[in-house]
Q: 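Below you'll find the structure I mean.
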There are 2 protein chains.
Amino acid sequence: MARPSQTELAVLGALSTGAMSGYELRRAITEVLGHFWHESFGQIYPCLTALETTGAVRRSGPGRTSGTVFEMTPTGRTRLRALLAEPYPPAPARNGLLLRLFFGSELPPGAPESLLTQAQEAARESLERYAAVRADLDDDTALDDDLDDDTDRAQALRTATLSFGEHMARAQLAWAQESLAALERLDEEAPRARG
Amino acid sequence: MARPSQTELAVLGALSTGAMSGYELRRAITEVLGHFWHESFGQIYPCLTALETTGAVRRSGPGRTSGTVFEMTPTGRTRLRALLAEPYPPAPARNGLLLRLFFGSELPPGAPESLLTQAQEAARESLERYAAVRADLDDDTALDDDLDDDTDRAQALRTATLSFGEHMARAQLAWAQESLAALERLDEEAPRARG
DNA sequence: AGCAGCATGTAAGTGGTTACATGATTGT
DNA sequence: ACAATCATGTAACCACTTACATGCTGCT
């Protein structure tokens with residue numbers, strides 16, 4: 001694991017919150033980072049063994065299978081900080097929805113509209129999920145009054161990632177609505193414009 | 001090319017607007033679809049030969065190198081429509097910025113702020129590019145008064161993909177500003193909250 | 001005894017990028 | 001003559017997914 005990798009960063013990041021098994025690691029990633037990150041077992045386990053050989057991670061617990069947890073070492077924390085400071089690779093621009101919409105005039109009428117409605121629905125569902133997460137988050141902060149500045153700041157950063165999802169979902173919702181309206185307007189005007 | 005592929009769709013889509021060489025194909029994709037799609041030569045050429053063997057695409061022109069253009073056949077257009085109707089695979093959730101922000105409390109103070117400022121700047125640049133594209137688009141529609149309903153609709157769909165980019169960029173801008181403000185507020189309040 | 005969930009891994013395959021090799025054409 | 005750009009491709013590699021193999025633990 002010489003070259004920096006995003007999987008490595010995600011794994012070390014998750015491990016920075018406490019020691020856990022590979023299985024738990026994956027669940028932690030999908031549950032906590034789920035709205036902007038994903039890892040599969042096929043990535044996690046090889047990454048863990050690689051991290052072990054570089055000394056960033058240590059296995060502790062009884063033995064081979066059960067009870068074994070992966071724990072971040074000081075070397076690992078240094079590595080985590082280095083990876084965090086690394087510039088992130090640009091996300092590959094590949095939006096299947098827009099690709100289909102762009103050439104949507106090849107499809108029967110109504111098909112692009114249906115794509116937009118689906119996108120709208122997806123955005124609404126995302127917003128609902130985010131609202132639930134935010135409710136949990138607010139409960140937590142209301143309970144803990146004795147936060148120091150560090151956890152306060154950490155909390156704010158985590159909230160920012162949630163807020164990103166909310167902004168994007170709202171934007172997608174507005175866009176889909178707007179685009180649907182534009183297509184509808186076209187349908188109404190078109191027949192008159194003939195001749 | 002038995003299994004549907006997004007590259008195939010992008011290539012056929014681009015070819016549906018006219019015959020061109022592989023080289024031109026790539027330029028067309030990056031220029032026209034650039035804000036939501038990308039293809040490299042390593043994908044395009046193998047895909048073209050595969051499409052040729054299935055009869056979706058035909059080579060025409062003088063010979064081996066120069067002058068050869070790839071042309072979509074009727075089979076190809078059928079294939080394009082089938083691919084467009086296919087549900088699109090979900091985009092893998094992997095946002096490097098959010099990953100760094102989430103664990104940003106491990107970084108020296110100021111680093112997350114710098115990430116947000118960069119994101120803000122990137123969004124601003126995107127908006128500028130989109131504004132330029134939209135200006136071109138409006139010029140075109142102003143010139144052509146004799147549009148039929150079909151091109152009108154095609155135009156609306158293409159505009160929708162541009163509009164998507166604009167909505168997302170604006171949302172990112174707003175989010176970055178909001179998050180920066182939240183962090184700043186924290187900095188001001190923190191010292192007082194001590195003791 | 002049997003099932004659900006915990007747990008660790010591997011192998012094969014996919015989709016994609018990057019770098020390279022090669023050569024023609026056009027402009028300066 | 002040289003450089004830039006047009007043009008077509010291949011090979012090596014990388015990241016990632018999926019499916020599979022294996023076995024443990026705890027519950028009913």
Side-chain angles (χ1 to χ4, degrees), chain A residues 1-11 14-15 19-31 33 37-53 57 59-71 83 86 88-96 99, chain B residues 1-11 14-15 19-31 33 37-53 57 59-71 83 86 88-96 99:
Chain A
M1 199 107 323
R3 297 249 315 292
S5 112
Q6 303 250 98
T7 295
E8 200 188 347
L9 175 50
V11 165
L15 242 32
M20 57 187 106
S21 72
Y23 193 89
E24 288 171 312
L25 195 49
R26 193 221 188 177
R27 197 177 43 196
I29 290 174
T30 55
E31 273 175 13
L33 273 37
W37 204 262
H38 173 260
E39 292 295 346
S40 65
F41 284 132
Q43 290 277 105
I44 289 174
Y45 283 112
C47 179
L48 278 171
T49 45
L51 284 171
E52 205 183 6
T53 62
V57 146
R59 240 173 257 248
S60 71
R64 279 291 292 113
T65 47
S66 158
T68 322
V69 291
F70 296 90
E71 186 183 359
L83 287 173
E86 203 83 9
Y88 51 92
R94 277 176 152 246
N95 187 319
L99 186 59
Chain B
M1 199 106 327
R3 296 251 313 293
S5 112
Q6 303 249 98
T7 295
E8 199 188 347
L9 175 50
V11 165
L15 242 33
M20 56 187 105
S21 72
Y23 193 88
E24 288 171 312
L25 195 49
R26 194 223 187 176
R27 197 176 42 196
I29 289 174
T30 54
E31 272 175 13
L33 273 38
W37 205 261
H38 173 260
E39 293 296 346
S40 62
F41 284 132
Q43 290 277 105
I44 289 174
Y45 282 113
C47 180
L48 278 171
T49 45
L51 285 170
E52 204 182 5
T53 62
V57 146
R59 238 172 259 249
S60 71
R64 278 291 291 111
T65 48
S66 159
T68 320
V69 290
F70 296 89
E71 186 183 1
L83 288 173
E86 202 83 10
Y88 50 91
R94 276 177 152 246
N95 188 319
L99 186 59

Q: Using whole Å, report how far CD of B:Glu39 lies from P of C:dT18.
A: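 Rounded to whole Å, this separation is 13 Å.
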Q: Between atom CZ in B:Phe41 and atom P in D:dA7, what is the gap in whole Å?
A: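 Value for this atom pair: 9 Å.
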Q: Just verifying a value: how many Å separate B:Phe41 CZ and B:Leu48 CG, rounded to the nearest 0.5 Å?
A: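 The CZ atom of B:Phe41 sits 11.0 Å away from the CG atom of B:Leu48.
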Q: A:Glu8 has an atom CD; how far is it from atom C1' of D:dA15, in whole Å?
A: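 From A:Glu8 CD to D:dA15 C1': 14 Å.
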Q: With heavy atoms under 4.0 Å as the rule, sort A:Arg27 into base, sugar-phosphate or nothing.
A: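 Contact class for A:Arg27: sugar-phosphate only.
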Q: Check the distance between C:dT14's P and B:Gln43's CD and give it to me in whole angstrom.
A: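 Result: 13 Å.
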Q: When you get a sec, tell me which of D:dT10, C:dG9, D:dG9 is the closest nucleotide to the side chain of B:Phe70?
A: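 Comparing D:dT10, C:dG9, D:dG9 against the side chain of B:Phe70, the answer is D:dG9.
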Q: Between atom CZ in A:Arg59 and atom C1' in C:dG9, what is the gap in whole Å?
A: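 Checked: the CZ to C1' distance equals 10 Å.
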Q: Look at the side chain of B:Glu31 and the backbone N and O of B:Ala28, then say whether any donor-acceptor pair between them is shorter than 3.5 Å.
A: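 No; judged by distance alone, with no hydrogens or angles, the pair does not exist.
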Q: If we ignore angles and hydrogens, is there a donor and acceptor under 3.5 Å between the side chains of A:Arg94 and B:Thr7?
A: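 Yes, because at least one side-chain N or O of A:Arg94 sits under 3.5 Å from a partner of the opposite role on B:Thr7.
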Q: Want to settle it: does B:Pro92 or B:Val69 sit nearer the 5' end of DNA chain D, counting the closest nucleotide to each?
A: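 Checking each residue's closest nucleotide, the 5'-ward one belongs to B:Val69.
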Q: Which distance, rounded to the nearest 0.5 Å, do you find between the OH of B:Tyr88 and the CD of B:Gln6?
A: 10.0 Å
Q: May I have the distance from B:Ile44 (atom CD1) to C:dG15 (atom P), rounded to whole angstrom?
A: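 Going from B:Ile44 (CD1) to C:dG15 (P), I get 16 Å.
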Q: Would you mind classifying the nucleic acid contact of B:Thr7 as base, sugar-phosphate or nothing, using non-hydrogen atoms under 4.0 angstrom?
A: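 Contact class for B:Thr7: sugar-phosphate only.
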Q: Are OP1 or OP2 of C:dG16 and a side-chain N or O of B:His38 less than 4.0 angstrom apart?
A: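 Checking C:dG16 against B:His38, no side-chain N or O comes under 4.0 Å of OP1 or OP2.
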Q: With a non-hydrogen cut-off below 4.0 angstrom, is A:Ser40 in contact with a base, only sugar-phosphate, or nothing?
A: base
Q: Rounded to whole angstrom units, what separation is found between the CZ atom of B:Arg94 and the C1' atom of D:dT17?
A: 11 Å
Q: Identify whether any heavy atom of A:Gly42 sits under 4.0 Å from a base atom; if not, whether one sits that close to sugar-phosphate; answer base, sugar-phosphate or nothing.
A: base
Q: Could you tell me whether B:Arg59 and B:Glu52 have a side-chain N and a carboxylate O separated by less than 4.0 Å?
A: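 Salt bridge: yes.
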Q: Please report, rounded to the nearest Å, how far the C1' atom of D:dT18 is from the CZ atom of A:Arg26.
A: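 Answer to the nearest Å: 11 Å.
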